[in-house]
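Working notes, beginning with the structure itself.
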Amino acid sequence: MTVTRAAVLVESGREAPYARSRPLEIAELTLDPPGPGELLIRVGAAGLCHSDLSVINGSRVRPLPMALGHEAAGEVVAVGEGTDFAPGDHVVLAFVPACGTCERCVGGRPALCGPGAQANGAGTLLGGGRRFVAADGSRPHHHLGVSAFSEYTVVSAKSAVKVDDDLPHEIAALFGCAVLTGAGAAFYSARIQPGDTVAVFGLGGVGLAALLAAKAAGAAEVVAVDVVDHKRYLAERLGATATVAGGSEAVEAIRDLTGGGVEKVIDTTGVVAVLEQAYAATRPGGTTVTVGLPAPGVPLTLPALSLVAEERTLRGSYLGSCVPARDVPRFIGLYRSGLLPVDALLSHRLRLDDVNAGFDRLHTGEAVRQVVTF
């Protein structure tokens with residue numbers, strides 16, 4: 001068995017500041033060896049994402065206790081039977097373990113894998129097991145098949161994508177969620193084309209990755225929207241043609257800047273009121289894509305007639321509508337060529353012991369993308 005230190009969420013809904021309420025406890029756990037089709041990973045770096053924060057604050061209900069974290073890169077230490085990996089391989093971990101054989105996987109939509117979604121909801125690996133063991137013999141749940149805030153983790157091989165070993169883990173980790181979700185939303189869900197006018201609502205790691213991808217796709221205008229000043233300044237440095245302060249006046253500002261609205265809008269906030277603004281900022285005939293995860297049960301109100309009379313499209317995007325085995329290498333190639341400078345998104349590096357403080361920075365908007373390095 002492998003001994004590891006991991007950040008375990010023991011209770012959701014504790015109030016910020018998290019550095020004081022400490023929803024994540026650093027615990028010493030053991031790990032069972034990887035089973036068939038599984039890998040033991042030495043985690044090199046793990047990113048902090050709003051999807052983690054939504055579990056911490058309780059807006060996304062998950063079984064507890066749970067070893068948290070879902071955006072990561074690391075090195076294979078040991079392999080179970082029936083995998084194509086070997087010890088020493090460097091990997092990026094994707095947060096949907098796609099089985100490869102269900103109807104949605106076969107149809108080219110692995111982000112919607114049925115068995116993967118079932119396992120993620122239950123807090124298990126794809127095969128149904130849990131590999132972490134606490135000192136009292138209980139078994140903490142896995143987070144989205146990854147549980148990245150741990151020195152070591154066991155994952156399904158279906159969660160892993162092999163990458164070149166010269167790519168630093170702290171950069172590689174970003175491709176597991178922020179880049180797949182944001183760049184994928186731009187390339188695949190919104191299908192941004194050369195000359196398109198685009199707006200991105202929410203300028204965290206996912207939103208800025210979408211902005212970079214929009215520029216790489218040839219967008220003529222990219223309007224960046226956020227309530228935080230320094231994020232808008234960063235968006236300008238990364239190529240936004242204009243920035244707008246988030247809030248009630250954002251829609252009118254975008255319409256004024258673009259002569260009536262943009263053709264493609266990507267909303268990354270997970271806030272329904274902002275999604276309604278994003279839709280309103282899209283011109284007739286345009287496409288609004290949302291990647292944020294609002295709390296379950298929150299209704300969305302839109303003028304239904306506009307979907308038909310103005311031929312608008314409203315589309316959800318999970319994992320950026322990506323195929324990780326195809327798109328992680330593709331996006332890394334764009335990074336190496338200078339077209340996706342995602343290293344600019346990395347705002348903080350921290351130790352595992354400081355992870356609660358890191359979520360305070362994420363909660364307040366101070367951080368863009370933070371990584372725990374091991």
Side-chain angles (χ1 to χ4, degrees), residues 1-10 24-49 52 55 64-95 97 119-120 123-163 165 167-177 349-356 358 370-374:
M1 299 180 82
T2 300
V3 177
T4 185
R5 294 176 71 244
V8 179
L9 180 66
V10 294
L24 291 168
E25 295 183 358
I26 307 305
E28 185 173 284
L29 308 174
T30 56
L31 275 163
D32 289 340
E38 295 175 355
L39 310 172
L40 173 64
I41 305 293
R42 180 187 297 113
V43 179
L48 278 65
C49 177
D52 305 310
V55 180
L64 301 178
M66 174 172 279
L68 215 61
H70 70 282
E71 176 184 86
E75 181 179 345
V76 176
V77 176
V79 300
E81 296 178 1
T83 79
D84 295 327
F85 294 85
D89 286 343
H90 284 216
V91 293
V92 167
L93 302 180
F95 62 85
N120 282 357
T124 69
L125 298 182
L126 184 62
R130 286 181 275 166
R131 301 288 176 249
F132 289 105
V133 184
D136 62 2
S138 63
R139 291 183 174 269
H141 295 82
H142 295 261
H143 185 213
L144 300 180
V146 177
S147 292
F149 301 145
S150 179
E151 295 167 329
Y152 293 85
T153 189
V154 171
V155 303
S156 168
K158 301 293 188 180
S159 296
V161 179
K162 192 182 302 184
V163 298
D165 59 12
L167 185 66
H169 291 311
E170 63 186 37
I171 302 301
L174 304 180
F175 289 88
C177 177
R349 297 166 178 82
L350 56 152
R351 302 175 306 161
L352 182 62
D353 294 293
D354 300 324
V355 68
N356 284 297
Q370 306 170 86
V371 295
V372 175
T373 56
F374 296 91

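Just so it is clear, the values below take in all heavy atoms, side chains as well, and ignore hydrogens, waters and symmetry mates.
Judged purely by atom type and a 3.5 angstrom limit, Thr4 uses its side chain to pair as donor or acceptor with the backbone of Glu151. Looking only at distances, no side-chain donor or acceptor of His169 sits under 3.5 Å from a matching main-chain atom of Ala45. Looking at Arg131, its side chain never comes within 3.5 Å of a backbone N or O of Val154 through a donor-acceptor pair. A donor-acceptor contact shorter than 3.5 Å is absent between the side chain of Asp165 and the backbone of His90. Distance alone, capped at 3.5 Å, places no donor-acceptor pair between the Asp52 side chain and the Leu68 backbone.
The side chain to side chain contact (heavy atoms under 4.5 Å, CB included) search around Thr83 returns Leu39, Val79, Phe85, Ala157, not counting sequence neighbours.
Considering all non-hydrogen atoms of both residues, Cys177 and Cys49 come closest at SG-SG, 3.9 Å. Here the shortest heavy-atom pairing between Ala172 and Val92 reads O-CG2, 3.4 Å. Taking both residues in full, the closest heavy atoms of Ala7 and Val355 are given as CB-CG1, 4.1 Å, listed atom of the first, atom of the second, then distance. Contact detail for Pro140 and Ala67: the closest heavy-atom pair is CB-N, 4.5 Å. Nearest heavy-atom pair across Val43 and Phe374 is O-CB, 3.3 Å.
A salt bridge between Lys162 and Asp84 is absent, with no side-chain N of the basic residue lying under 4.0 Å from a carboxylate O of the acidic one.
Between the side chains of Thr153 and Ser147, no donor-acceptor pair is found at a separation under 3.5 Å.
Note on ring orientation: taking the six-membered ring where Trp is involved, the planes of Phe132 and His142 are tilted (angle from 30° to 60°).
Counting heavy atoms from C-beta outward, Leu29 and Val8 have side chains that approach closer than 4.5 Å. Annotation: side chain of Glu71 is in contact with side chain of Leu174 (closest heavy-atom distance under 4.5 Å). Put simply, the side chain of Asn120 reaches to within 4.5 Å of the side chain of Pro97, judged on heavy atoms. Between Ile26 and Phe149 the shortest side-chain heavy-atom distance does not fall below 4.5 Å. A heavy-atom distance below 4.5 Å is not found between the side chains of Asp354 and Gln370. Between Glu75 and Ile41 the shortest side-chain heavy-atom distance does not fall below 4.5 Å.
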